[in-house]
Amino acid sequence: MSKFFVTTPIYYVNDAPHIGHAYTTILADVLSRYHRTIGDDVFFLTGLDEHGQKVMQAAQKRGLSSQAHCDDLAPRFLNLWKTLDIEYDDFIRTTQERHKKIVQLVLQKVHENGDIYTDEYEGWYSIAEERFITEAEYGSGQFRDVKKLKEKNYFFKMSKYQQKLIDHIQAHPDFIRPEHRKNEMLGFLRQPLGDLCISRPKSRMDWGIEIPFDRDYVTYVWFDALVNYISTPGYGSDEAKFNKWWPADVHLIGKDILTTHSVYWTTMLFSLGLSLPKTIFAHGWWLIGQTKMSKSLGNVVNPLDLIENYGVDAVRYYLMREMVLGLDANFTFDSFIKCYNSDLANDFGNLLNRVSGLIQKNHGGQIPDPGTLGNEEERIKLEAVSLPARIKDLINEYKVQEAVSLTLDFVRILNKYMEVQAPWKLAKTDMKGACRVLYTAAEGLRISSIMLSPVMPEKTALVLSILGANQTLPVWGELKPGTVLQAHPPLFPRIEVEKN
RNA sequence: CGCGGGGUGGAGCAGCCCGGUAGCUCGCAAGGCUCAUAACCUUGAAGUCACAGGUUCAAAUCCUGUCCCCGCAACCA
């Protein structure tokens, strides 16, 4: 048995949860569930980033303490995860004591290693936003009341590890994925790397973790947030646990925070002398039409609306089926409906109805005995039993979309098999043949359900319970003849769209 | 010449690394079946594989150039 440690980013508590958050978290959940089904020991970590200026300001506006504000907002994410059937193993909040003390420990260590120094930071400061803005932001001209400001701050010697990082990326082709992101990072690293400002004076912003060697400062986002990946699995608090889980098998992130993870986080780990995560996987964005989803455009899709109407499994399936991991994907209502109707209603759901309907009608509602398999059945069996290994390869390559497609291909093979064998005809002339065909189709359906269970935990559990096959393995022959089928409504009722 | 990815039937994509009848899903047309959620199965129409050269017996696939689209260029999944 091997272990699998997967993380999502910790989400900023002030954002409203949207499809991007949901996507990353569902992806992590699908990978986790998959690894659990093959017997791996899984640790799935997600959580919230609760410090920083925006939180502080929002809390002040509401007349709440910053902590009370966070406590009020955190359930928005927790409730969404519940609705989305997310089975995480730990949920870290950066304001938790267990996290804060480890961040301080980390800062202390990095400081002792000589990787933190003070300097005067000079940059463009936006009075309206109460923060320093980047050169690029300044150049955009979107900020008013901007002035040059000098401030003493603490800096992390990121530059010191530049060459080591380049070497690591080149020596580990799976470290940054997909490959074109790796190339991007190597391109980025051809220029000299600067150091990282990691502090804020409390006089300006005090909602953060106090820097252990200077109480007038709090640490700013990087150490605060990224350290969650090691503080949660026990760094500095539970050595056995930490050694079991670290390094992470994969940090799942959006492509927008690739630099943060592959450069900032990585150099921090270098300073601590810890090993690096095996893979940092940057997925793409969900686009609406051809444009990015954004609050200002007002085109943000709330996953909860879709779930309410079509069920959580359909939404999970669509998100996994439609996006090639690493590339951007288009979210359209139309493609959602098509995906739902063709894959889930017509192919998967309908196969269940065909099989269970015939067994009900001609075989007294009991799964028939297959007798001796013929050539066609052997062919189906071969497809079925080779499926788990093929899917394992795809999942290990993070080709979730292909793994899902492959399973659906098998479902289509089963539909075709039914069509060709026509057990409804056989029942009139060759009862043994009808039994053999229906058993084979039902067994194929069972195995495909198991393969789809990480993506659609609820509906596949339903199918398996209808077949009386809960807790079974994707091995041929686990379906027991004689089992009484349960009656059921259509699994995925077709969505009828009004044509205009 | 900052770095990188891509341009394949009406739509969305795979194939390109390891040259050799252009594949999948959706849509469209005709037929079949009628167990099933008007679902399922078969067949068909539809592609100068961005463009121009080159290598080769043979190129979507390798090389060169051109045009167009997109991503990254330090902090929105």
Side-chain angles (χ1 to χ4, degrees), chain A residues 8-9 11-12 14-15 17-27 54 131-137 158 178-191 193-197 220-222 225 252-261 263-264 282-286 290 292-296 321-322 324 326-330 332 334-335 337-339 341-362 401-402 405 408-409 412 414-427 434 437-438 441 489-496:
Chain A
T8 73
Y11 306 116
Y12 200 53
N14 242 36
D15 288 338
H18 54 68
I19 197 166
H21 300 114
Y23 176 73
T24 315
T25 312
I26 289 170
L27 177 60
K54 282 182 186 165
R131 67 179 180 99
F132 280 93
I133 59 175
T134 62
E135 261 326 297
E137 283 178 317
M158 202 156 66
E179 199 179 354
H180 68 267
R181 299 287 168 206
K182 179 188 84 176
N183 294 336
E184 257 174 38
M185 280 301 111
L186 286 172
F188 173 69
L189 287 166
R190 273 195 280 273
Q191 296 154 34
L193 200 56
D195 289 336
L196 198 60
C197 179
Y220 174 70
V221 62
W222 313 123
L252 295 174
I253 59 169
K255 63 183 183 180
D256 50 302
I257 50 174
L258 179 61
T259 310
T260 315
H261 283 74
V263 180
Y264 302 2
H283 67 247
W285 274 330
W286 284 96
Q290 294 301 317
K292 191 180 150 183
M293 202 176 289
S294 86
K295 272 185 226 165
S296 52
R321 174 73 177 81
E322 200 68 12
V324 175
L327 304 179
D328 288 348
N330 260 295
T332 64
D334 201 41
S335 69
I337 300 292
K338 274 181 183 157
C339 173
N341 277 344
S342 65
D343 286 7
L344 300 180
N346 297 352
D347 292 335
F348 186 65
N350 190 39
L351 177 64
L352 171 67
N353 272 33
R354 302 179 83 179
V355 169
S356 70
L358 284 167
I359 290 178
Q360 210 64 252
K361 198 170 171 181
N362 298 332
Q401 189 235 24
E402 283 186 49
S405 307
L408 255 287
D409 286 344
R412 289 188 194 99
L414 291 172
N415 269 318
K416 185 173 175 179
Y417 167 74
M418 286 281 285
E419 188 68 27
V420 172
Q421 301 300 317
W424 51 93
K425 281 183 183 166
L426 287 177
V437 172
L438 282 176
L491 203 58
F492 293 99
R494 272 181 69 84
I495 303 171
E496 299 303 335

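The analysis underlying the following values was restricted to heavy atoms, covering all of them including side chains, and did not include hydrogens, waters or symmetry mates. Order of the sequence lines fixes the chain letters, A, B, ..., with proteins taken first and strands second; residue numbering starts at 1 for each chain.
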Given atom CG of A:L193 and atom C1' of B:A74, what is their separation to the nearest angstrom?
9 Å
In whole Å, I'd like the distance from the CD1 atom of A:I495 to the P atom of B:U37.
17 Å
Atom C1', compared across B:G9 and B:A46: separation rounded to whole Å:
5 Å
Rounded to whole angstrom, note down the C1' distance from B:G54 over to B:A11.
35 Å
side-chain hydrogen bond (donor to acceptor under 3.5 Å, both in side chains) with A:N346: which residues, sequence neighbours excluded?
A:R494
Candidates B:U34, B:U37, B:C35 - which lies nearest the side chain of A:K425
B:U34
For A:T24, report the nucleic acid contact type (base, sugar-phosphate, nothing); a contact means any heavy atom under 4.0 Å.
sugar-phosphate
Take atom C1' in B:C62 and the same atom in B:C28, then report the distance between them in whole Å.
37 Å
Determine the contact category for A:L196: base if any of its heavy atoms lies under 4.0 Å from a base atom, sugar-phosphate if only primed atoms, P, OP1 or OP2 are that close, otherwise nothing.
nothing
Would you kindly give the CD-to-P distance between A:Q421 and B:U34, to the nearest whole Å?
15 Å
Considering heavy-atom distances to RNA chain B, does A:F492 or A:K338 have its closest nucleotide positioned more toward the 5' end?
A:K338
A:L258 CG to B:C72 C1', in whole Å, measures 9 Å
Taking atom C1' in both B:G20 and B:A58, compute the distance separating them and give it to the nearest angstrom.
6 Å
Please state how far atom CG in A:L358 lies from atom P in B:A36, giving the value in whole angstrom units.
7 Å
ring-ring contact (aromatic ring centres under 6.0 Å, His included) involving A:F348 - partner list, sequence neighbours excluded
none
Report the residue from A:L352, A:L351, A:L358 that forms a side chain to side chain contact (heavy atoms under 4.5 Å, CB included) with A:V355.
A:L351
Let me know the distance between CG of A:D343 and C1' of B:U25, rounded to the nearest Å.
8 Å
C1' atom, B:A39 versus B:C51: distance in rounded Å?
45 Å
Applying side-chain hydrogen bond (donor to acceptor under 3.5 Å, both in side chains), can you list everything that pairs with A:Y12, at least two apart in sequence or on another chain?
none
Is the shortest side-chain heavy-atom distance between A:M418 and A:L438 below 4.5 Å?
yes
In Å and rounded to the nearest 0.5 Å, what is the CH2 to OG1 distance from A:W222 to A:T260?
4.5 Å
Spacing of A:K416 atom NZ and A:Q421 atom CD [to the nearest 0.5 Å]
11.5 Å
Interatomic distance where CE belongs to A:M185 and P belongs to B:C75 [whole Å]
12 Å
Protein-nucleic acid N or O pairs under 3.5 Å, nucleotides 40-44 of chain B:
from, atom 1, to, atom 2, distance (Å)
B:C40, O2', A:R354, NH1, 2.9
B:C40, O2', A:E419, OE1, 3.3
B:C40, O2, A:E419, OE1, 3.2
B:U42, OP1, A:K416, NZ, 2.9

Have a look at A:P9 and say if it touches a base, only the backbone sugar-phosphate, or nothing, with a 4.0 Å heavy-atom cut-off.
sugar-phosphate
Calculate, to the nearest 0.5 Å, the distance between atoms CD and CG belonging to A:Q360 and A:N353 respectively.
11.0 Å
Could you measure between the two C1' atoms, the one in B:U43 and the one in B:C3, and give it in whole Å?
49 Å
CZ of A:R494 versus C1' of B:A36: gap in Å, rounded?
12 Å
Contact class for A:Y12 (heavy atom, under 4.0 Å): base, sugar-phosphate, or nothing?
nothing
Looking at residues at least two apart in the chain, or sitting in another chain, which of them share a side-chain contact (heavy atoms from CB on, under 4.5 Å) with A:Y11?
A:T8, A:P9, A:H21, A:T24, A:T25, A:T46, A:L48, A:F77, A:W81
By nearest atom, which of the nucleotides B:C26, B:A74, B:A36 is closest to the A:N353 side chain?
B:A36
Starting from the 5' end of RNA chain B, give me the residue, A:V355 or A:D409, whose nearest nucleotide shows up first.
A:D409
Using a 4.0 Å heavy-atom cut-off, does A:L186 contact any base of the nucleic acid, only the sugar-phosphate backbone, or nothing at all?
nothing
Side chain of A:K255, heavy atoms from C-beta onward: which of B:C33, B:G71, B:A73 has the nearest atom to it?
B:G71
Taking the same atom, P, in B:G7 and in B:G15, what whole-Å distance lies between them?
10 Å
What interatomic distance, in whole Å, is found between C1' of B:U21 and the corresponding atom of B:C40?
30 Å
Counting only N and O atoms by type, is there a donor-acceptor contact under 3.5 Å from the side chain of A:H283 to the main-chain atoms of A:I253?
yes
Output every pair passing salt bridge (charged side-chain N to carboxylate O under 4.0 Å, His left out) with a member in residues 344-357 of chain A, not counting sequence neighbours, ordered by first then second residue.
A:D347-A:R412, A:R354-A:E419
What dot-bracket string describes RNA chain B from 5' to 3', counting Watson-Crick and G-U wobble pairs whose defining distances are under 3.5 Å, with [ ] for crossing pairs and | for pairs to another strand?
.(((((((.[[[[.)....(..]]]].(((((.......))))).....[[[[[..)....]]]]])))))).....
